[in-house]
**Student:** 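Dropping the structure in here first, questions after.
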Amino acid sequence: MPDREKLNIVPFVSVDSMMRLVLHFGVERVLADLAGYIEEDFRRWESFEKTSRLASHSPDGVIELMPTCDGRQYSFKYVNGYPKNTRNGLQTVAAFGVLSDVDCGYPLMLSEMTILTALRTGATSALAGRYLAPAGAKTMAIIGNGAQSEFQALGFKALTGIDTVRLYDIDPVATEKCLRNLAGMGLTLVACRSAEEAVEGAEIITTVTADKNCNTILTDNLVGQGVHINAVGGDCPGKTELHRDILLKSDIFVEYPEQTRIEGEIQQLPKDYPVKELWRVIAGLEPGRSNRRQITLFDSVGFAIEDFSALRFVYDRLQETRMFEELDLLADRDEPRDLFGMLLRKEAAMRQG
Ligand code: NAD
């Protein structure tokens, strides 16, 4: 926790500070440590206030608010999802968030969360993979090579020990970008010309595409026995990536079922279709992968507790790194009940120059 000599100053982690912080520790270490925070919070799942995110849909995308609280700290994330944005030079996913102190309700930290979301999504996927992917899996296919993809690759490398990534995107420019960014990072990289080619020999399949519509990135015939599917891109009503038949032959693991039934791949299934909650596997209450032939599917949509963990992770590193700016966010310079007087004193001070 940064020592705040002035209470009205709130640490602000800008995009620049976030990048410096991540580079200071190294991306893979951040992904692994962040996964540790998520794992810790998933183990105490029941101590959190939980609600499906509040989504405001428009023809081209969605803006969402994601709150949660553990009784001591409260957090929320503001995040968009606009698949058409990259055509205009904008991010598909852009976010910021706040961590607050429940004792007084004051914000403890404001942070950019565009980079942090990519990190927490990669960390959550890889954490799920550690419990669900076949033991000793070395090869992962990544279909969709946009903003999230490198974080997925490095997350699985750091947490599950994959050494080969097979890449496919309908846009070869995205695959070239991914190849360039991941070069020299200890992974064997294979560029593929189709989803079919990408999944050849892959024990883990990550789908992380962006489209406003229901899509079929993977068909049933492409998914063999024993594979783990990490489905990240279908995270909104009317936006899915997998053929329904894949769901029917998989054991499905989700974050918060109430939210995933609205937003995830399982929106294609009846409302009471049985799914398992990832936190119960992490807490040791239910088995993850139980045999080599089983197809496991992590139907990821992103849940508020992962963002809480990510903000907590960053906040815990501010004291050591000082990688934040000071934000004048709270109007409590003097007598708290004399807010109007504060305005008048400012006016007088401004008049005096
Ligand atoms: P992005 O726009 O940067 O990249 C998406 C890529 O998918 C693009 O390169 C595009 O060419 C490719 N693509 C689209 N259709 C394809 C298809 N049919 N086959 C192969 N490739 C295809 O987006 P991003 O920031 O990387 O996000 C990817 C997806 O992940 C989005 O849908 C986003 O909403 C979702 N997401 C989910 C979570 C989560 O927690 N589950 C978190 C962040 C983002």
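One-based numbering, in listed order, for ligands and for the atoms of each.
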**Student:** Under a 4.0 Å N-O cut-off, is there an ion pair linking Glu40 with Arg44?
**Tutor:** no
**Student:** Can you tell which of Ile204, Thr124, Val254 makes a side chain to side chain contact (heavy atoms under 4.5 Å, CB included) with Phe298?
**Tutor:** Thr124
**Student:** Here's a test for you: under side-chain hydrogen bond (donor to acceptor under 3.5 Å, both in side chains), which of Arg20, Glu325, Glu112 qualifies with Ser14?
**Tutor:**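 Exactly one option meets the side-chain hydrogen bond (donor to acceptor under 3.5 Å, both in side chains) with Ser14, and it is Glu325.
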**Student:** Measuring only between side-chain heavy atoms, which start at C-beta, is Glu277 closer than 4.5 Å to Trp45?
**Tutor:**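 In short, these two side chains touch, coming nearer than 4.5 Å.
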**Student:** How does Arg87 reach ligand 1, by side chain, by backbone, by both or by neither, if only non-hydrogen atoms under 4.0 Å count?
**Tutor:** neither
**Student:** To which protein heavy atom is atom 33 (C) of ligand 1 closest, and what is the distance rounded to 0.1 Å?
**Tutor:** Asp235 OD2, 3.6 Å
**Student:** Quick test of your reading of the model: are Lys50 and Glu258 salt-bridged, counting only N-O distances below 4.0 Å?
**Tutor:**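 No.
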**Student:** Does the side chain to side chain contact (heavy atoms under 4.5 Å, CB included) test come out yes or no for Asp70 and Asp41, once each step is laid out?
**Tutor:** CA-CA 9 Å; Asp70 71 350; Asp41 288 339; 5.9 Å; no
**Student:** Find all atoms of ligand 1 within a distance of less than 4.0 Å from any non-hydrogen atom belonging to Gly233, and give their numbers and elements.
**Tutor:** 29 (C), 30 (O), 32 (O), 35 (C)
**Student:** Rounded to the nearest 0.5 Å, how far apart are CG of Leu187 and CG of Leu179?
**Tutor:** 11.5 Å
**Student:** Which heavy atom of the protein is the closest neighbour of atom 19 (N) of ligand 1, given with residue, atom name and distance?
**Tutor:** Ile170 CG2, 3.8 Å
**Student:** Does ligand 1 have any atom that is closer than 4.0 Å to a heavy atom of Gln91?
**Tutor:** no
**Student:** Looking only at non-hydrogen atoms, which of Ala118, Gly61, Ser300 approaches atom 41 (N) of ligand 1 most closely?
**Tutor:** Ser300
**Student:** Heavy-atom distances under 4.0 Å decide this one: backbone, side chain, both or neither, for Lys239 against ligand 1?
**Tutor:**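 Within the 4.0 Å criterion, Lys239 contacts ligand 1 through side-chain atoms alone.
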**Student:** What's the spacing between Leu34 CG and Leu127 CG if we round to 0.5 Å?
**Tutor:** 9.5 Å
**Student:** Check the orientation of Phe96 and Tyr78. Use parallel for under 30°, tilted for 30 to 60°, and perpendicular for over 60°.
**Tutor:** parallel
**Student:** Pick whichever of Gln152, Lys177, Glu255, Gln148 has a heavy atom sitting closest to atom 26 (O) of ligand 1.
**Tutor:**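 The nearest heavy atom belongs to Gln148.
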**Student:** Numbering the atoms of ligand 1 from 1, which are under 4.0 Å from a heavy atom of Gly302?
**Tutor:**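 Counting atoms of ligand 1 from 1, those under 4.0 Å from Gly302 are 39 (C), 40 (O), 41 (N).
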**Student:** Salt bridge check, Arg351 against Glu347: does any charged N sit closer than 4.0 Å to a carboxylate O?
**Tutor:** yes
**Student:** Any N/O of Asp211 closer than 3.5 Å to an N/O of ligand 1?
**Tutor:** no
**Student:** Is Lys177 paired with Asp169 through a side-chain N to carboxylate O contact shorter than 4.0 Å?
**Tutor:**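 No, no charged N to carboxylate O under 4.0 Å.
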**Student:** In terms of the angle between their ring planes, are His228 and Phe156 parallel, tilted or perpendicular, with boundaries placed at 30° and 60°?
**Tutor:**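 Taking Phe156 first and then His228, their aromatic rings sit tilted (interplane angle of 30° to 60°).
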**Student:** Return the closest protein heavy atom for atom 2 (O) of ligand 1 as residue, atom name and distance.
**Tutor:** Thr92 OG1, 2.6 Å
**Student:** Does any N/O atom on Ala147 come nearer than 3.5 Å to any N/O atom on ligand 1?
**Tutor:** yes
**Student:** For atom 28 (C) of ligand 1, what is the closest protein heavy atom, and at what distance to 0.1 Å?
**Tutor:**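 Protein heavy atom with the smallest distance to atom 28 (C) of ligand 1: Val208 O, 3.5 Å.
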**Student:** Please work out whether any backbone atom (N, CA, C, O) or any side-chain heavy atom from C-beta onward of Asp169 is under 4.0 Å from ligand 1, and answer side chain, backbone, both or neither.
**Tutor:** both
**Student:** How does Ile217 reach ligand 1, if at all, at less than 4.0 Å between non-hydrogen atoms: by side chain, backbone, both, or neither?
**Tutor:** side chain
**Student:** In terms of atom number and element, which parts of ligand 1 are under 4.0 angstrom from non-hydrogen atoms of Val301?
**Tutor:** 39 (C), 40 (O), 41 (N)
**Student:** For ligand 1, which atoms have a heavy atom of Gly146 less than 4.0 angstrom away?
**Tutor:** 3 (O), 4 (O), 6 (C), 9 (O), 26 (O)
**Student:** Counting both backbone and side chain atoms, is some N or O of Thr117 under 3.5 Å from an N or O of ligand 1?
**Tutor:** no
**Student:** Using a 3.5 Å cut-off on N or O atoms only, is Asn145 in polar contact with ligand 1?
**Tutor:** no
**Student:** Report yes if the side chains of Met113 and Met66 come closer than 4.5 Å at any heavy-atom pair, otherwise no.
**Tutor:** no
**Student:** Within ligand 1, which atoms have a heavy atom of Ala174 less than 4.0 Å away?
**Tutor:**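 With Ala174 as reference, the close atoms of ligand 1 come out as 9 (O).
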**Student:** Out of Glu286, Glu255, Glu46, which residue meets the salt bridge (Lys or Arg N to Asp or Glu O under 4.0 Å) rule with Arg280?
**Tutor:**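 So the option named by the test is Glu286.
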**Student:** Please indicate whether any nitrogen or oxygen in Thr209 is less than 3.5 Å from any nitrogen or oxygen in ligand 1.
**Tutor:** yes
**Student:** For ligand 1 and Val93, I'd like to know whether there is a polar contact (N/O to N/O, distance under 3.5 Å).
**Tutor:**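 Looking only at distances, the answer is no, because the N/O contact criterion of under 3.5 Å is not met.
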**Student:** Please identify which atoms of ligand 1 are closer than 4.0 Å to at least one heavy atom of Thr86.
**Tutor:**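 Answer, ordered by atom number: 2 (O).
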**Student:** Just let me know how Thr121 lines up against ligand 1, side chain, backbone, both or neither, with a heavy-atom cut-off below 4.0 Å.
**Tutor:**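 The answer is the side chain.
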